[in-house]
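Single-structure report; data block below.
Heavy atoms only: backbone and side chains are in, while hydrogens, waters and symmetry mates are out. We're numbering straight along the sequence, starting at 1.
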Amino acid sequence: MKAIAEKELYEKAAETMTLAYAPFSKFQVGAALLAKDGRVFTGVNVENSSFGGTICAERTAFVKAISEGCKEFTAIAIASSGGKAWPCGICRQFMQEFCSDDFQIITGDDADSLVVSTMKEMLPEGFKL
């Protein structure tokens with residue numbers, strides 16, 4: 001990764017996690033998305049009583065970045081109130097749209113026990129037009 005360490009990115013996700021809106025699941029998630037230009041975009045999960053309206057932290061971070069003109073990314077760190085938090089299927093496909101095979105997904109139980117995977121490992125046969 002460039003400019004920012006995995007641990008630092010994870011810590012930013014963990015700090016952001018406290019802003020999650022999770023009144024139903026009580027499962028707070030924070031994400032910190034690293035753009036190729038060095039900017040970091042954060043996101044949290046936002047639940048809704050119409051469960052289909054819920055959005056995950058990963059997609060929140062991507063939508064913020066894309067809405068600000070950023071479309072090239074190197075890594076995302078995900079922290080949750082329940083320990084390791086891997087992206088759900090919808091998030092994996094959403095990330096596939098904007099990320100290369102070597103894009104890094106970082107999670108862990110805490111900043112000292114991180115696990116790193118790549119987009120290719122997370123979604124080996126991801127759909128792209």
Side-chain angles (χ1 to χ4, degrees):
M1 267 193 313
K2 299 173 188 154
I4 188 168
E6 293 168 0
K7 185 173 181 176
E8 186 180 353
L9 195 62
Y10 179 87
E11 288 170 343
K12 191 170 282 292
E15 178 183 313
T16 301
M17 172 183 67
T18 63
L19 301 174
Y21 179 73
F24 308 107
S25 72
K26 310 288 188 236
F27 186 69
Q28 295 178 300
V29 182
L33 176 63
L34 179 61
K36 279 191 179 175
D37 65 10
R39 289 184 287 170
V40 176
F41 298 89
T42 58
V44 297
N45 59 318
V46 180
E47 294 179 350
N48 190 279
S49 42
S50 171
F51 295 132
T54 295
I55 186 167
C56 299
E58 299 93 308
R59 284 181 285 141
T60 300
F62 270 90
V63 168
K64 285 172 66 175
I66 293 159
S67 69
E68 297 204 17
C70 188
K71 294 188 182 84
E72 294 184 319
F73 310 101
T74 59
I76 192 167
I78 306 159
S80 83
S81 57
K84 287 184 198 91
W86 295 108
C88 72
I90 293 171
C91 287
R92 292 176 193 205
Q93 182 56 49
F94 195 94
M95 291 189 295
Q96 175 79 9
E97 187 76 19
F98 300 98
C99 299
S100 64
D101 285 348
D102 62 348
F103 175 81
Q104 292 186 321
I105 297 123
I106 304 157
T107 191
D109 292 325
D110 56 53
D112 293 318
S113 61
L114 298 177
V115 181
V116 181
S117 187
T118 64
M119 189 73 240
K120 183 71 171 174
E121 292 168 331
M122 294 296 295
L123 194 62
E125 300 298 327
F127 177 76
K128 272 194 179 180
L129 289 178

Applied to residues 20-44, the ring pair (Phe, Tyr, Trp, His ring centres under 6.0 Å) test, sequence neighbours excluded, yields Phe24-Phe51
Nearest 0.5 Å please: distance from the CD atom of Gln96 over to the CD atom of Glu125.
9.5 Å
Return yes when atom CD1 of Ile90 has more than 12 non-hydrogen atoms of other residues, nucleotides or ligands closer than 6.0 Å, and no otherwise.
no
What is the distance from atom SG of Cys70 to atom NZ of Lys64, rounded to the nearest 0.5 Å?
12.5 Å
Ignoring hydrogens and geometry, is there a side-chain-to-backbone donor-acceptor pair from Lys120 to Asp102 under 3.5 Å?
no
Listed by chain and number, what are the salt bridge (Lys or Arg N to Asp or Glu O under 4.0 Å) partners of Lys71, not counting sequence neighbours?
none
For the residue pair Thr18 / Gln28, report whether a side-chain donor-acceptor contact shorter than 3.5 Å exists.
no
Can you see which heavy atom on Gly83 is nearest to which on Asp109, and at what distance?
CA-OD1, 3.5 Å
Kindly give the heavy-atom pair with the smallest separation between Lys7 and Ala111, and that separation in Å.
CG-O, 3.7 Å
Applying salt bridge (Lys or Arg N to Asp or Glu O under 4.0 Å), can you list everything that pairs with Asp110, at least two apart in sequence or on another chain?
none
Approximate separation, where rounding is to 0.5 Å, of Thr42 OG1 and Leu33 CG:
9.5 Å
Please answer: with hydrophobic residues joined when any side-chain heavy atoms are less than 4.5 Å apart, are Ile76 and Met119 in the same cluster?
yes
Could you measure the distance from the CZ atom of Phe73 to the CG atom of Leu34? Nearest 0.5 Å is fine.
10.0 Å
Judged by atom type as modelled, is there a donor-acceptor pair below 3.5 Å linking the side chain of Glu47 to the main-chain atoms of Ser25?
yes
Could you tell me which non-hydrogen atom of Ser117 sits nearest to which non-hydrogen atom of Glu121, and how far apart they are?
OG-OE1, 3.1 Å
Closest contact, heavy atoms only, Gly43 versus Thr60:
CA-CG2, 3.7 Å
